[in-house]
Amino acid sequence: GVWRQTRALLFKNCLIKCRTKKSSVQEVLFPLFFLFWLILMSMMHPHRRYDEVANADLGPLDTSQLVNFIIGYTPPTPVTREIMKKVAFDNFEDGIITEEYLSEEELQEASALKPSNFVGVVFKDAMSYQLRFHNSIAMSSIYMESR
């Protein structure tokens, strides 16, 4: 029954593998070659490790530089509104002016009109964002891996 059919199928597969040696060797060697290539590439470009930064008292924040400071953000969702509300009122007594924009284009136009005291925040999702300064984008280099 089942054992005879299984044995016949295994025997047939062994005959096929023996008759097509070139493709059988390729089936084994290509994955090994690609694995070796990946290991070699990862050794040539190791990930950059960052040391820990010790806790340090940075002193009081000079809020005089934040007078008339505007933070624009996009997209206006309930999560981003809550985050920007915390940024504006929980950390500063007077609060920072926050403005919401419907798109990145509107944010860029506002940045062009108020370049000295304007910072844009573009939320990619609830946990990541990019800061936009006049004619530049600031990205965090802490978590960037080597190229």
Side-chain angles (χ1 to χ4, degrees), residues 2 6 9-10 12-147:
V2 174
T6 305
L9 184 62
L10 285 173
K12 180 185 113 179
N13 286 339
C14 286
L15 282 176
I16 291 172
K17 292 295 179 189
C18 289
R19 290 178 183 162
T20 58
K21 289 183 174 122
K22 183 178 178 182
S23 65
S24 299
V25 169
Q26 287 176 350
E27 285 180 17
V28 173
L29 291 183
F30 275 161
L32 292 175
F33 170 74
F34 289 125
L35 179 65
F36 170 75
W37 185 256
L38 285 173
I39 291 171
L40 181 67
M41 292 302 287
S42 68
M43 288 171 53
M44 289 174 56
H45 302 284
H47 292 298
R48 193 171 197 181
R49 304 277 184 230
Y50 294 95
D51 295 331
E52 290 183 12
V53 177
N55 289 338
D57 184 16
L58 300 176
L61 179 65
D62 184 14
T63 57
S64 64
Q65 296 177 355
L66 301 177
V67 175
N68 298 327
F69 196 72
I70 302 170
I71 299 177
Y73 65 94
T74 188
T77 63
V79 173
T80 58
R81 285 185 186 110
E82 187 65 30
I83 291 171
M84 295 310 292
K85 181 178 155 187
K86 286 186 182 223
V87 167
F89 297 110
D90 290 355
N91 298 320
F92 306 101
E93 300 87 30
D94 300 333
I96 294 177
I97 301 168
T98 58
E99 297 176 352
E100 60 184 45
Y101 295 94
L102 297 176
S103 67
E104 287 187 49
E105 290 78 22
E106 288 183 19
L107 186 73
Q108 288 173 351
E109 290 173 11
S111 175
L113 295 174
K114 317 169 204 176
S116 62
N117 62 344
F118 186 85
V119 173
V121 180
V122 178
F123 287 93
K124 299 301 179 188
D125 55 36
M127 298 301 289
S128 64
Y129 61 90
Q130 285 183 338
L131 295 177
R132 303 280 174 104
F133 298 98
H134 183 63
N135 294 331
S136 66
I137 299 173
M139 294 177 60
S140 173
S141 62
I142 295 174
Y143 300 108
M144 291 185 70
E145 298 177 350
S146 65
R147 293 183 179 154

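If you read the sequence from its start, that first residue is 1, and numbering goes on from there. On a predicted model such as this, the values are computed, not experimentally measured, just so you know.
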Expected output: side-chain Ser111 to main-chain Leu107 donor-acceptor under 3.5 Å: no
Euclidean distance, His45 NE2 relative to Leu40 CG, rounded to 0.5 Å: 9.0 Å
Considering non-hydrogen atoms only, spot the tightest contact between Gln26 and Pro31 and give its length. O-CD, 4.0 Å
For atom NZ of Lys22, is the number of surrounding heavy atoms from other residues, nucleotides or ligands below 6.0 Å larger than 12? no
What is the minimum heavy-atom distance between Met84 and Ile71, and which atoms define it? CE-CG2, 3.2 Å
Which value, rounded to the nearest 0.5 Å, describes the distance between Glu27 atom CD and Lys17 atom NZ? 3.5 Å
Less than 4.5 Å apart, side chain to side chain, heavy atoms only: is that true for Val25 and Ser23? no
Checking Phe123 against Ile83 for the side chain to side chain contact (heavy atoms under 4.5 Å, CB included) test, could you report, in this order, the C-alpha distance in whole Å, the side-chain angles of both residues, the deciding distance, and whether it holds? CA-CA 10 Å; Phe123 287 93; Ile83 291 171; 4.0 Å; yes
Kindly give the heavy-atom pair with the smallest separation between Val28 and Leu32, and that separation in Å. O-CG, 3.4 Å
Can you find a pair of side-chain heavy atoms, one from Val119 and one from Ile70, that are under 4.5 Å apart? no
Atom pair CG (Leu38) and CZ (Phe33), whose distance is rounded to the nearest 0.5 Å: 10.0 Å
Of Glu104, Glu105, Glu99, the residue whose pairing with Tyr101 passes side-chain hydrogen bond (donor to acceptor under 3.5 Å, both in side chains): Glu99
Testing the basics here: between Leu102 and Pro76, what is the closest heavy-atom pair and its distance to 0.1 Å? CD2-CG, 3.8 Å
